[in-house]
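Notes for the one structure printed next.
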Amino acid sequence: MKRALQMALMGATFAPWMVCQAITLNDDFSLDLTVGAYSDYHSRGMSQTQGDPAIQGSARLSHSSGLYAGIWSSNVDYGYDSKTRQEIDYYVGYFWQATDDISLDLTYYQYEYPKEGALNNSETYAKLTAYGAYVGGYYSNDLYGDQSYFYSFVGYETTLPMEVGLDLRYGKVDFKDDTFFSRDEKARSSYNEWQVTLSKTLFTADWSLSYADSDLSDSECYSYNGFDDVCAPTVIAGVSKSF
């Protein structure tokens, strides 16, 4: 159960909640709907599906004031005796647009896992974006025992020729206590991960191709979640459609 909880902790970092299209309900409210298919649900340097494909969907209600609320879901697979096969994320937040190039996003997330209530947890999130560069983090203090957790990241987004999007991200996962153990019994409480994503809108759908990796060794990965291959370098292909 502890291994499943640790894996669940890595979920829902850069899932596609933010979509580019919206249904206008009235002068103040809009609704964003999206569905996507991905070759892997990979988050914070680890696969959440044992390297298998994932189907994800979301709905988000936004107000002209910048307030928003939504729900996001994906299939998951944490192996062993974990009964859950689904992650459901509920969130509320506020998006502040200072200028066309500067914005601040603040969000509270509640993660739930049907049939495995012990995996449920929550996080607070903040992201500051300026002229394509961004910095932010997720913090949780309701993990197993008295463990706290902070995921921080920096990155840069831009548009390449032919309207191809480029997103570069570098992150650090940091626990309060030593959590990762190498084969020679060295321990550490944090690790680094990174991801490069290319994206393109084509045939009314959003296509993406990502490369994700971390500095976790096979033995450190195994000590954390019981598998030595879910932290391996990964290429993730995806397609999503907004309605």
Side-chain angles (χ1 to χ4, degrees), residues 1-15 38-54 56 74-89 109-125 136-154 169-196 210-236:
M1 177 61 70
K2 182 178 178 180
R3 295 191 189 280
L5 174 58
Q6 291 170 327
M7 285 293 289
L9 217 49
M10 298 302 171
T13 305
F14 286 92
Y38 301 86
S39 61
D40 184 13
Y41 174 14
H42 199 86
S43 181
R44 305 182 195 184
M46 297 183 185
S47 173
Q48 308 298 300
T49 53
Q50 303 291 311
D52 291 333
Q56 302 173 350
S74 175
N75 58 291
V76 296
D77 183 0
Y78 299 131
Y80 294 99
D81 58 351
S82 176
K83 298 181 180 66
T84 190
R85 288 296 180 267
Q86 184 181 19
E87 174 185 331
I88 305 174
D89 306 342
Y109 294 106
Q110 179 65 43
Y111 307 132
E112 296 189 2
Y113 300 86
K115 299 182 180 180
E116 290 285 9
L119 305 185
N120 298 347
N121 64 95
S122 62
E123 288 182 324
T124 53
Y125 161 83
Y138 294 75
Y139 175 74
S140 178
N141 63 357
D142 63 350
L143 309 184
Y144 44 89
D146 61 350
Q147 184 71 277
S148 60
Y149 168 92
F150 182 55
Y151 171 68
S152 57
F153 59 86
V154 296
R169 189 192 77 242
Y170 187 87
K172 181 178 182 180
V173 174
D174 195 358
F175 285 87
K176 174 185 174 183
D177 303 318
D178 286 340
T179 306
F180 308 96
F181 300 89
S182 63
R183 188 169 287 105
D184 56 5
E185 298 184 354
K186 291 183 179 179
R188 58 172 169 161
S189 62
S190 65
Y191 70 91
N192 300 311
E193 60 84 36
W194 49 92
Q195 185 165 317
V196 178
S210 303
Y211 173 81
D213 199 0
S214 76
D215 63 357
L216 285 171
S217 66
D218 290 349
S219 56
E220 288 174 321
C221 187
Y222 182 84
S223 73
Y224 180 77
N225 54 52
F227 300 96
D228 61 6
D229 57 350
V230 298
C231 311
T234 305
V235 175
I236 308 112

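- Looking at residues two or more places apart in sequence or on another chain, you find a side chain to side chain donor-acceptor pair (under 3.5 Å) between Glu220 and Arg188, Ser217.
- Between Tyr41 and Gln56, the side chains place no donor N or O within less than 3.5 Å of an acceptor N or O (distance only, hydrogens not considered).
- With hydrogens and angles ignored, the 3.5 Å screen pairs a side-chain donor or acceptor of Asn75 with a backbone N or O of Pro53.
- Residues Gln195 and Ala212 come closest through the heavy atom pair OE1-CB, 3.7 Å.
- Between Gly79 and Gln50, the closest heavy-atom pair is N-NE2, 4.2 Å.
- To the nearest 0.5 Å, the span separating CD1 on Ile236 from NE2 on His42 amounts to 5.5 Å.
- Taking every heavy atom of both residues into account, Gly45 and Ser214 meet most closely at O-OG, 4.2 Å.
- Using cut-offs of 30° and 60° on the angle between ring planes, the pair Tyr125 and Tyr138 is tilted.
- Heavy-atom minimum distance, Asp213 versus Cys231: OD1-O, 4.3 Å.
- With 3.5 Å as the limit, one finds no donor-acceptor pair spanning the side chains of Ser219 and Asp228.
- Taking the side-chain contact (heavy atoms from CB on, under 4.5 Å) definition, one finds that Asp174 meets it with Lys172, Ser189, Ser190, sequence neighbours left out.
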For a side-chain contact (heavy atoms from CB on, under 4.5 Å) check, start with the C-alpha distance between Glu193 and Arg169, then their side-chain angles and the critical distance, and finish with the verdict.
CA-CA 8 Å; Glu193 60 84 36; Arg169 189 192 77 242; 2.7 Å; yes
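- The line from SG of Cys221 to CG of Leu216 is 6.5 Å long, rounded to the nearest 0.5 Å.
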Report the C-alpha separation of Ser39 and Val235 in whole Å, then their side-chain angles, then the decisive distance to 0.1 Å, and conclude whether the side-chain contact (heavy atoms from CB on, under 4.5 Å) test is met.
CA-CA 8 Å; Ser39 61; Val235 175; over 6 Å; no
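- The two residues Tyr211 and Pro233 make their nearest non-hydrogen contact at OH-CB, 3.5 Å.
- Among the candidates Asp40, Asp229, Asn225, the single residue satisfying the side chain to side chain donor-acceptor pair (under 3.5 Å) test with Ser47 is Asp40.
- By the 4.5 Å heavy-atom criterion applied to side chains, Arg44 and Tyr191 are counted as neighbours.
- Put simply, the side chain of Glu123 never gets that close to the backbone of Tyr109: no donor and acceptor are under 3.5 Å apart.
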Criterion side-chain contact (heavy atoms from CB on, under 4.5 Å) on Asp77 and Arg85, from CA distance to verdict
CA-CA 6 Å; Asp77 183 0; Arg85 288 296 180 267; 4.0 Å; yes
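- Shortest non-hydrogen contact noted between Gly137 and Phe153 is N-CE2, 3.5 Å.
- By the 4.5 Å heavy-atom criterion applied to side chains, Tyr113 and Asn121 are counted as neighbours.
- Tested against Glu112, the residues Leu119, Asp89, Asn120 include a single side chain to side chain contact (heavy atoms under 4.5 Å, CB included) partner, Asn120.
- The backbone N or O of Pro114 sits less than 3.5 Å from a side-chain atom of Thr84, completing a donor-acceptor pair.
- Residues Tyr78 and Phe227 place their aromatic rings such that the two centres sit no closer than 6.0 Å.
- Of the residues listed (Tyr139, Tyr149, Phe150), the one engaging Phe175 in a ring pair (Phe, Tyr, Trp, His ring centres under 6.0 Å) is Tyr149, and it is the only one.
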